[in-house]
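Atom set for the values below is all heavy atoms of this structure, side chains included, hydrogens, waters and symmetry mates excluded. As the structure is a prediction and not an experimental result, all values here were calculated from the model. Start at 1 and go down the list; that is how both ligands and their atoms are numbered.
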Amino acid sequence: DVIDIRNLGKYGYFTYDPGFMSTAACNSAITFIDGEEGLLYYRGYPIEQLAENCDFLEVSHLLLHGELPDHNQREAFTSAIRQHTMLHDQMADVFRGFRRDAHPMAVMIAVIGAMAAFYPDNNDVNNPESRQVAAMRLLAKVPTVAAWSYKYNVGQPFIQPKNKLGYAENFMHMMFATPCEDYEPNPILAKAFERILILHADHEQNASTSTVRLVGSSGANPFACIAAGIASLWGPSHGGANEATLNMLEEIGDISRIGEFINRAKDKTDSFRLMGFGHRVYRNMDPRASIMRKTCHEVLNELGLHDDPMFKLAMQLEKIALEDDYFVSRKLYPNVDFYSGIVMRAMGIPNSMFTAIFALARTAGWISQWSEMNADTEQKIGRPRQLYLGPERREFVPLHQR
Ligand code: ACO
């Protein structure tokens, strides 16, 4: 719908575009998507090539600086990240203010937001050096925050980062090691995890990235902007879909009940949707889903889980939905979160951590988009207009006459 509100006179013309289905809110040179063709490029490189050949920090360098690093740049970038992986000792107290059963996303929003108070030296968003330090701090610390939110849930001591490990391995170490037992990295699982991070690193102007830009457009500090992005990501229509997918599979419980849930998803009087299916932009197979599907099978093979009832159920649901006319005609394919949820579940990561892991991957994209926006001297504060549908002017009525 495009409505010209001509009677607004001096205010000119407005377009009414609920959900921003056809409104570009910014220029960006970071990520290109062609939803019809199923294409996704970061800085011009197809996602398939990056997922196959790069690690997450190389991709983060690409998103942030515009180019893949050469050998020396890669070393310098990795070593700069390593300098920032620890959290300020007092930040542990922020975690301890929460109930033990707090959702990791709730904890992450608070802890990342609190970083604004720990690192006020990054408040100068117009200073490129300050922006750069903020980006490194966030990329380095968000995995520690995510892993500690899990440790807090399960009542185990916080595990410090081990900087000789790779980015994915370090996260797994902080999640799964205990003071009594080291975590032994499995290279196939670490590679699969890096792939999840690469595939989720950026996706142009989705809800959470637009949120980061909108908050940042007022000059807010980077930690507040990323905390806002995490809040936006949490919803089940966005990043929360991976957690919702596994919760849904648990609710379905058995292959014999798939038909019942497919029928519910098709029923327009029922608000139930098949979680992990459909995408706002991709009207073809999401290219990330194709990569993750392959990775999913590699991980299930590695762990010998192909006969696990939960994974059999997921594969059967995928098969039925891909053949069902309702889903085929609407081009509702399984999305990346359908498969990434299954992979993370197979790795022993609890459902409640899935969206937190999405947030740690997307931090690379958020901080790159935020830096790009702040480097643009012509950027304006984001300020959407509205189509007002409320009462016309009326006179105030005193309380005793109402
Ligand atoms: N299950 C059943 N029907 C669906 C689903 C679904 N998962 N998704 C869309 N539809 C139907 C709609 O009911 C609508 O049908 P109609 O034309 O008969 O009215 C049609 O498909 C088009 O759907 P829209 O709501 O217009 O699609 P939109 O682009 O607004 O929504 C979204 C996209 C939010 C992703 C939606 O497909 C959805 O809710 N999916 C499930 C949640 C999910 O997996 N989200 C993850 C997104 S990927 C990511 O964040 C990385």
Side-chain angles (χ1 to χ4, degrees), residues 1 17-23 31 33 35-36 38 40 42 47 51 105 195-212 229-249 251-252 258-293 295-296 314 317-318 320-345 351 354-366:
D1 287 308
D17 182 13
F20 306 114
M21 301 280 283
S22 32
T23 297
T31 293
I33 301 174
E36 294 299 322
L40 169 61
Y42 292 165
I47 191 68
M105 290 293 277
R195 215 164 256 174
I196 291 176
L197 299 184
I198 292 169
L199 297 180
H200 287 83
D202 197 46
H203 212 233
E204 55 119 295
Q205 307 313 316
N206 52 80
S208 57
T209 305
S210 301
T211 302
V212 169
I230 297 172
S232 170
L233 186 74
W234 194 358
S237 298
H238 190 11
N242 48 19
E243 179 179 347
T245 300
L246 262 290
N247 291 342
M248 177 190 75
L249 290 175
E251 196 191 341
I252 298 175
I258 290 179
E260 179 193 324
F261 281 80
I262 295 257
N263 287 339
R264 279 190 64 195
K266 294 193 230 177
D267 180 354
K268 296 293 162 196
T269 62
D270 189 331
S271 62
F272 174 79
R273 285 189 164 196
L274 220 47
M275 285 294 129
F277 284 77
H279 196 277
R280 166 59 63 83
V281 180
Y282 294 115
R283 300 299 177 184
N284 205 321
M285 188 81 174
D286 176 345
R288 303 168 302 172
S290 310
I291 302 168
M292 211 58 237
R293 185 176 196 272
T295 304
C296 180
L317 179 65
E318 175 207 40
I320 293 175
L322 284 173
E323 289 166 357
D324 188 293
D325 187 54
Y326 173 92
F327 292 91
V328 174
S329 63
R330 288 170 179 76
K331 302 187 192 291
L332 297 170
Y333 299 99
N335 56 48
V336 61
D337 286 335
F338 181 76
Y339 298 107
S340 67
I342 295 170
V343 170
M344 289 190 278
R345 171 65 171 249
N351 299 4
F354 294 178
T355 317
I357 289 166
F358 190 161
L360 93 82
R362 188 54 61 85
T363 297
W366 289 331

Legend entry - More than 12 heavy atoms from other groups under 6.0 Å of CZ on F272: yes
Legend entry - Which atom of S329 lies closest to which atom of Y326, heavy atoms considered: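 Looks like OG-O, 3.2 Å.
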Inset, instruction - Determine whether M344 and L246 make a side-chain contact, defined as any pair of heavy atoms from C-beta on separated by less than 4.5 Å. - result: no
Inset, instruction - Report the residues that fulfil side chain to side chain donor-acceptor pair (under 3.5 Å) with E260, sequence neighbours left out, ordered by chain and then residue number. - result: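 E260: side chain to side chain donor-acceptor pair (under 3.5 Å) contacts with R257.
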Legend entry - Residues in side chain to side chain donor-acceptor pair (under 3.5 Å) contact with T295, at least two apart in sequence or another chain: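 By the side chain to side chain donor-acceptor pair (under 3.5 Å) rule, T295 matches R195.
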Inset, instruction - Provide the full list of salt bridge (charged side-chain N to carboxylate O under 4.0 Å, His left out) pairs with a residue in residues 275-290, sequence neighbours left out, each pair given once. - result: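 Salt bridge (charged side-chain N to carboxylate O under 4.0 Å, His left out) check on residues 275-290 returns D286-R288.
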Do any nitrogen or oxygen atoms of ligand 1 lie under 3.5 Å from a protein nitrogen or oxygen, and which ones?
{"unit_1": "ligand 1", "atom_1": "1 (N)", "unit_2": "L274", "atom_2": "N", "d": "3.1"}
{"unit_1": "ligand 1", "atom_1": "3 (N)", "unit_2": "Y326", "atom_2": "OH", "d": "2.9"}
{"unit_1": "ligand 1", "atom_1": "7 (N)", "unit_2": "L274", "atom_2": "O", "d": "2.8"}
{"unit_1": "ligand 1", "atom_1": "7 (N)", "unit_2": "F277", "atom_2": "O", "d": "3.0"}
{"unit_1": "ligand 1", "atom_1": "13 (O)", "unit_2": "K268", "atom_2": "NZ", "d": "2.8"}
{"unit_1": "ligand 1", "atom_1": "13 (O)", "unit_2": "R273", "atom_2": "NH2", "d": "3.4"}
{"unit_1": "ligand 1", "atom_1": "15 (O)", "unit_2": "K268", "atom_2": "NZ", "d": "3.0"}
{"unit_1": "ligand 1", "atom_1": "15 (O)", "unit_2": "R330", "atom_2": "NE", "d": "3.3"}
{"unit_1": "ligand 1", "atom_1": "18 (O)", "unit_2": "K268", "atom_2": "NZ", "d": "3.1"}
{"unit_1": "ligand 1", "atom_1": "18 (O)", "unit_2": "R330", "atom_2": "NE", "d": "3.1"}
{"unit_1": "ligand 1", "atom_1": "18 (O)", "unit_2": "R330", "atom_2": "NH2", "d": "2.9"}
{"unit_1": "ligand 1", "atom_1": "25 (O)", "unit_2": "R273", "atom_2": "NH1", "d": "3.2"}
{"unit_1": "ligand 1", "atom_1": "25 (O)", "unit_2": "R273", "atom_2": "NH2", "d": "2.8"}
{"unit_1": "ligand 1", "atom_1": "29 (O)", "unit_2": "R280", "atom_2": "NE", "d": "2.9"}
{"unit_1": "ligand 1", "atom_1": "29 (O)", "unit_2": "R283", "atom_2": "NH2", "d": "3.2"}
{"unit_1": "ligand 1", "atom_1": "30 (O)", "unit_2": "R280", "atom_2": "NH2", "d": "3.1"}
{"unit_1": "ligand 1", "atom_1": "39 (O)", "unit_2": "R273", "atom_2": "NH1", "d": "3.0"}
{"unit_1": "ligand 1", "atom_1": "40 (N)", "unit_2": "F277", "atom_2": "O", "d": "2.9"}
{"unit_1": "ligand 1", "atom_1": "44 (O)", "unit_2": "G276", "atom_2": "N", "d": "2.9"}
{"unit_1": "ligand 1", "atom_1": "44 (O)", "unit_2": "N335", "atom_2": "ND2", "d": "2.9"}
{"unit_1": "ligand 1", "atom_1": "45 (N)", "unit_2": "S237", "atom_2": "O", "d": "3.4"}
{"unit_1": "ligand 1", "atom_1": "50 (O)", "unit_2": "H238", "atom_2": "O", "d": "3.3"}
{"unit_1": "ligand 1", "atom_1": "50 (O)", "unit_2": "H238", "atom_2": "ND1", "d": "3.4"}

